[in-house]
Structure formats: structure tokens, C-alpha cells
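Here is the structure we will look at, set down as C-alpha cells.
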Number of protein chains: 2
Amino acid sequence: MARRSDHTREELHSMAIDATRTIIAQEGIEGVSARKVAQQIGYTVGTLYQSFENIHDLVLHANAFTLSEMLAELEVSFQSSRDPLQRMVKLAEAYLRFAETHQRQWAAVFRHSLPESYPMPDWYQARIDALFALIESGVRALAPKRSRQSIQGASRTLWSGVHGICILHTGDKLFSNRIASAQSLVQSLVKHYLNSWVAEGKR
Amino acid sequence: MARRSDHTREELHSMAIDATRTIIAQEGIEGVSARKVAQQIGYTVGTLYQSFENIHDLVLHANAFTLSEMLAELEVSFQSSRDPLQRMVKLAEAYLRFAETHQRQWAAVFRHSLPESYPMPDWYQARIDALFALIESGVRALAPKRSRQSIQGASRTLWSGVHGICILHTGDKLFSNRIASAQSLVQSLVKHYLNSWVAEGKR
DNA sequence: AGCATAATTAAACGTTGTTTAATATTCAAG
DNA sequence: CTTGAATATTAAACAACGTTTAATTATGCT
């Protein structure tokens, strides 16, 4: 039996999250189970339930980690270009690249649905907000004069679109990418949408 | 015990699909289970497994039904306007409206992931192809001179975008729609993207 | 009527998330 | 130190899940 002095509560917590992330990376989110995680960290399920409310809580923590990783990469890409439009293209490409590189982790984030009885925690929502804040700042640079509402709308429209391409690209096989690579789709979307949206603002 | 003369194989098949659709509509795809479906049609699980390979097969049939319903509605909307651009806007709006109206059914279609050991059946893929064919025909009307490749790319880009908006809207985790309605996002996406894409073809 | 065929069921298996009571460990007070 | 309260950990249980099995029941054919 593992002794309680072997690991602190905090250590246990992060060990479980790490194990969950490993399982997701190897088998996808469907492969995650309380028993499997427990076994991987050398404890039993009961101990796991001392650190996490339920399995959703655990997966949510693993997914939050993924979101943070992604945000870090996006921020690097964001800085990689000075031209505002090019910056948005780079950002979208980085988003797609992350989805491709960390397919299962990324899928876990956006496929995992929690029961309506279990509302999304604030600390998790904060990650998503940070993501959209980055996008909005990029869009704002393209049209500094436009209203906050307008910028928010364009950001959400654009990023929903980028997100949609990533979903249909990585997850399902809605289209074979022999015709057009996902990257070219993303480029097409960002350039054309922002092109017309910026022009609208100058009319 | 239900007698086998009570219902033909075909009746059983469609009874099970109907029951599945009802459960999805009421409780979402998470509420579907073999036992629940079996009980609702007055048989036991074993009988269900005589009509369907596994639970994925059953859900797939229910989802195919949903896709057909959606396609029918989209076709009506497609005809509702003569102007090619307006037609695409209507099409996208109809897609969003369906996603809103049949939230759980629509979510079931796009959240259900089948194991990689179980490839998507042709009859299911055919539904998706029909959907994209409709979209492509609308895009082609906007730029008849452009290459098949180009039209396919634009169609997929655009519809991935529309799809993404619907996902983030109905899941409504990502943004509160008090700023901009999903409908306005969809309109914005379709108009601006096609605007610039069509212009590019005329350069 | 009787036999073969097929449909249906009840029961089982292994898995899941979660809870429970019992046990083991820690920590503080005497 | 020892004892006792507090807590961590475990093993076992529960209900529900997908799926398979053997046994039973209904059908169709000769």
C-alpha cells in the first residue's frame, strides 16, 4: 500500500493529471478511465476521488494543460510577424499545426462534453478567454477604429471558422486532403474574410 | 415474450432507430444505451444485436436520419432565393437554424466518434457527400469559370467555417451570444469570405 | 405431427464511474 | 512513548454499460 507520506496531495494531483495526459496522447480520450489512471500512478481509484470530484474534473484538468500549451505556442507565432494580416495567418496556421501535432490532446479538449449538471469551472473558462483575447488583439490591430463589438464579432466568426477547418481536418474524414491541404484552407479563410471585413470598415 | 411475427425484421430495425432518435432528442447522445432502446421497443438487447452490429451501428443509423432531414431542409432553403450569394447566405442560415432547432440530434451527428476499427459505412458517407454537393453547386454558381479544385476548396473552407460557428454556438461554452447573434456571425462569414473569394477569381 | 431453423430471452462476462466500510498511516496530546 | 483522533488508502461493492452465450420459444416445412 502506498503511504500517504509518499506523495503530497499536490504531487498526487499533478501525477494523476500527467497520467491522464499520457493516456490521452496514446489512446485518445476514450482510453481514459479512473482505474487506468489510478493504476498508472500506483494508487487505487478511491485515492483519485480524494483529489478529483469525478472523472470530468480530472479530464478537465488535463485539457486545461493542453489549452495552456497551445496558448503558449500561439503567442510565439503571434510575435513571429509584424504585419497585422500576416500575423493572423500565422496565428491560424499555428492553431492548425497544434491540432495536427497534438491530435488526440486537441480532440480531447473539444470533444469532451461535460454534463449540464456540472458547469464549466471558472479556471477553465479563463484559459479559453485568454485564447480569444489573443485573437481579438490581432483583429483589432487590423482595424483599430472599429467598435469593440465589431471586433469581437469578427474574431469569433474568424476563429470559429478556423476551428471548424481543424475539426473537419483532424477528426472526421469529411474530406480527403488530396485536393487542398488544410493549411491552404486556413490561409484562404483568414485572408479572404479579413480582406473583405477590413474593407467594409473603410467604406 | 414478444413473438417474432409481431414485427418484421424491417419493422424492428426502424423501431429501434426511432427509439434511438427519441432518446437522443430527449437526453442527448449520452443517454443512448442498448438496454434503454431495447426496453423502449419492448424487446431485449439480444434482439437488438440481431438487427445491428453494435451500438455504433445503431447510432449511425439514427444520425443518418438526422442528416437526411437536414439535407431536405437545406434544399428547400437553397431554392428560396435566386441570387447566388443570397442563396449561400440562406443555406448557411438554414444550417444554423437546423443546428439550433435539433440541437441534440445535430450534436449527436458531430460528436459521435466511432472507433478506428469501425470505418464509416458508405451509405453514411453518401449523406455527407450529398450535403457537400449542394454547397459546391451553390459556390459554383458564384464563380462558374473557376476550376473544380478551387470551387471544392472554397466550399470546404466556407462550410467548415459555418460548421465551426454552429459548434461553438450550440455548445455555447465559448461565447455568450449577447454580443453578436450566431446568425449575424454566419452572415458575416459567408458574405465576406465569398466576397473576397469571388473578387480574387476576377483579377 | 414433428423436425429444423430462426428469433427471443435470461444470464453471464468484463468494463465503466462512483460510493462504502474497513484498514492503515499520520499527527498531536497526554 | 503511548494513546486516540483524524485522515489517507484500500478492497469491495453497486448500478449501468456493451457484448456474448446458452437455453428457450416460436415459426415454417415436410
Side-chain angles (χ1 to χ4, degrees), chain A residues 1-17 19-20 23-24 26-63 108 111-119 121, chain B residues 1-17 19-20 22-24 26-63 108 111-119:
Chain A
M1 164 166 149
R3 312 201 165 175
R4 72 167 121 172
S5 58
D6 282 355
H7 306 99
T8 67
R9 261 183 305 279
E10 287 76 21
E11 282 173 333
L12 259 174
H13 200 261
S14 72
M15 279 165 61
I17 295 173
T20 306
I23 295 172
I24 289 178
Q26 287 172 353
E27 314 172 34
I29 197 175
E30 277 82 9
V32 175
S33 83
R35 282 172 180 84
K36 210 184 284 180
V37 171
Q39 192 200 340
Q40 202 157 112
I41 65 175
Y43 286 82
T44 49
V45 269
T47 300
L48 216 53
Y49 275 80
Q50 196 126 319
S51 286
F52 300 91
E53 273 190 44
N54 49 42
I55 198 75
H56 297 289
D57 187 21
L58 177 55
V59 170
L60 234 37
H61 275 87
N63 285 347
R111 298 188 82 86
H112 174 249
S113 74
L114 47 182
E116 80 293 334
S117 62
Y118 191 80
Chain B
M1 167 164 143
R3 313 199 165 177
R4 73 168 121 175
S5 57
D6 282 354
H7 305 99
T8 67
R9 260 183 306 279
E10 287 74 23
E11 281 173 333
L12 259 175
H13 199 261
S14 73
M15 280 166 62
I17 295 174
T20 306
T22 302
I23 295 173
I24 288 177
Q26 287 173 352
E27 315 174 34
I29 196 176
E30 276 83 9
V32 174
S33 83
R35 284 174 179 83
K36 211 184 284 181
V37 171
Q39 192 202 339
Q40 201 156 111
I41 66 176
Y43 286 81
T44 50
V45 268
T47 301
L48 216 53
Y49 275 80
Q50 196 125 319
S51 286
F52 300 91
E53 273 190 44
N54 48 43
I55 197 75
H56 297 289
D57 188 21
L58 176 56
V59 170
L60 233 39
H61 275 86
N63 285 346
R111 299 187 81 86
H112 174 248
S113 75
L114 48 181
E116 79 294 335
S117 62
Y118 192 81

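Just so we're on the same page: letters track the sequence lines, and every chain starts at 1.
One atom, NE2 of A:His13, and another, C1' of D:dA8, lie 16 Å apart when rounded to the nearest Å. Rounding to whole angstrom units, CD of residue A:Gln50 and C1' of C:dG17 are separated by 17 Å. The interatomic distance linking A:Glu11 (CD) with D:dT9 (P) rounds to 11 Å, in whole Å. Rounded to whole Å, atom C1' of D:dT20 lies 9 Å from atom OH of B:Tyr49. Rounded to whole Å, atom C1' of C:dT9 lies 13 Å from atom CG of B:Leu48. In this structure, B:Leu60 atom CG and D:dG18 atom P are separated by 15 Å, rounded to whole Å. The CZ atom of B:Arg9 sits 9 Å away from the P atom of C:dT8 (whole-angstrom rounding). In this structure, OH of A:Tyr118 is placed 14 Å from C1' of C:dG17, rounded to the nearest angstrom.
For B:Asn54, the side-chain atoms get nearest to D:dT19 when compared with the rest of C:dT9, C:dT18, D:dT19. Distances were taken from every side-chain heavy atom of B:Ile55 (C-beta onward) to each of C:dA10, D:dG18, D:dA8; the shortest belongs to D:dG18. Closest contact between the side chain of B:Thr47 and the listed nucleotides C:dA7, C:dT9, D:dA8 involves C:dT9. If you check C:dA7, C:dT9, D:dT9 against the side chain of A:Tyr43, the one that comes closest is D:dT9.
Residue B:Glu27 qualifies as enclosed at atom CD: its count of foreign heavy atoms under 6.0 Å is above 12.
Atoms OG1 and CG, from A:Thr20 and A:Leu48 in turn, are 7.0 Å apart once rounded to the nearest 0.5 Å. Atom CD of B:Glu116 sits about 9.5 Å away from atom CD of A:Glu30, to the nearest 0.5 Å. Rounding to the nearest 0.5 angstrom, the gap separating the NZ atom in A:Lys36 from the CD1 atom in A:Ile23 is 6.0 Å. In this structure, OG on B:Ser51 lies 10.0 Å from CE on B:Met15, to the nearest 0.5 angstrom.
If you check every strand for non-hydrogen atoms under 4.0 Å, A:Leu12 touches sugar and phosphate atoms only. Residue-level contact check: B:Leu58 touches neither bases nor backbone, having no heavy atom under 4.0 Å from any strand.
Proximity of residues 26-36 of chain A to DNA chain C (heavy atom under 4.0 angstrom from any strand atom) is restricted to A:Val32, A:Ser33, A:Ala34, A:Arg35.
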Please output the side-chain donor-acceptor pairs of residues 52-60 of chain B that fall under 3.5 Å, not counting sequence neighbours, one pair per line with the distance.
{"from": "B:Asn54", "atom 1": "OD1", "to": "B:His56", "atom 2": "N", "distance (Å)": "3.1"}
{"from": "B:Asn54", "atom 1": "OD1", "to": "B:Asp57", "atom 2": "N", "distance (Å)": "2.9"}
{"from": "B:His56", "atom 1": "ND1", "to": "B:His112", "atom 2": "NE2", "distance (Å)": "3.2"}
{"from": "B:Asp57", "atom 1": "OD1", "to": "B:His61", "atom 2": "ND1", "distance (Å)": "3.2"}
{"from": "B:Asp57", "atom 1": "OD2", "to": "B:Glu53", "atom 2": "N", "distance (Å)": "3.0"}

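You'll find the side chain of A:His13 reaches within 4.5 Å of the side chain of A:Ile17, heavy atoms only.
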